[in-house]
Amino acid sequence: RWGARHLVVAEQRETHRLRIEVVERVLDPRGQRTGMRAGEVLQVATSDAERAAGVLEAGLMTVAAFVALAVSAVSLLAIDVQLGLAVLVGVPVLVAGLQLLSPRLTRRAADAQAAAGETTALATDLVRGVRALRGIGARASAADAYRASSRTALRASLRAATTGGAYEGLTAAVSGLFLAAVAGLAG
């Protein structure tokens, strides 16, 4: 509990620090050289800052998982060699098998981020030019363009969320089956 509290604080501080750094670069008088519009840069920066700070959590969880695996394996080897070996071999195979799905998750998340960035950039451009759009009578056309971009972003986000949910469900199911197999082997 104490460690989790410190992890959350560290993660939030790192996310904030990264966002501030990105905003400083976006607002730099020399400009930005990304080729992206300001709204797109801010959207990407926000989601990237959260993901980058999440590396802290991932690193600590990985260490905790290895420690738990080592303690469990040693305990099980002391109790029953066959059971300990099953865990020592089964867990890495299980993790490696689930990692085969990672490229698909990454691709879907990148697609969702790109679509959200485009929609945010379009919204920023439309807000900046709302008077001009009114003046030339193009508000309806601009609203249609935003609506289409928003729907595309929504579809991409839903695909990413569906894939992520399926991955989490598969992970829980496979872990449960492995646990049941170990329990069955234990008798």
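Along the sequence shown, residues are numbered consecutively beginning with 1. Please read all numbers here as calculations on a predicted model, not as lab measurements.
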Suppose we screen for side-chain hydrogen bond (donor to acceptor under 3.5 Å, both in side chains). Which residues come up paired with [X], at least two apart in sequence or across chains?
{"X": "Ser157", "value": "none"}
{"X": "Asp144", "value": "Arg147"}
{"X": "Arg13", "value": "none"}
{"X": "Ser149", "value": "Thr119"}

>> Same cluster or not: Leu177 versus Leu101, using hydrophobic residues (I, L, V, M, F, W, Y) connected whenever any side-chain heavy atoms lie under 4.5 Å apart?
In response: no
>> Would you say Tyr146 ends up clustered with Leu154 if hydrophobic residues are merged whenever their side chains have heavy atoms under 4.5 Å apart, either directly or through other cluster members?
In response: no
> What is the minimum heavy-atom distance between Ala156 and Ala115, and which atoms define it?
Replying inline: CB-CB, 4.0 Å
>> Restricting to non-hydrogen atoms, name the atom on Phe178 and the atom on Ala86 that form the minimum distance, rounded to 0.1 Å.
In response: CZ-O, 3.9 Å
If you round to the nearest 0.5 Å, how far is [atom2] of [Y] from [atom1] of [X]?
{"X": "Leu83", "Y": "Leu76", "atom1": "CG", "atom2": "CG", "answer": "4.5 Å"}
{"X": "Glu168", "Y": "Thr171", "atom1": "CD", "atom2": "OG1", "answer": "7.5 Å"}
{"X": "Thr163", "Y": "Leu105", "atom1": "OG1", "atom2": "CG", "answer": "6.5 Å"}

> Which pairs with one or both residues in residues 98-113 pass salt bridge (Lys or Arg N to Asp or Glu O under 4.0 Å), sequence neighbours excluded?
Replying inline: none
>> Could you list the cluster mates of Leu85? Members are the ILVMFWY residues connected by side-chain heavy atoms closer than 4.5 Å, either directly or through other members.
In response: Leu77, Val81, Leu88
> In the hydrophobic clustering (ILVMFWY, side-chain contacts below 4.5 Å, transitive), which residues join Leu100, or is it alone?
Replying inline: none
> Which residue pairs pass the side-chain hydrogen bond (donor to acceptor under 3.5 Å, both in side chains) test when at least one of the two sits in residues 85-100, sequence neighbours left out?
Replying inline: Gln99-Ser102
List the residues meeting side chain to side chain contact (heavy atoms under 4.5 Å, CB included) with [X], not counting sequence neighbours, and say none if there are none.
{"X": "Ser72", "result": "none"}
{"X": "Ala161", "result": "none"}
{"X": "Val174", "result": "Leu94, Leu170"}

> Considering residues at least two apart in sequence or located in another chain, which fulfil the salt bridge (charged side-chain N to carboxylate O under 4.0 Å, His left out) criterion with Arg17?
Replying inline: Glu14, Glu21
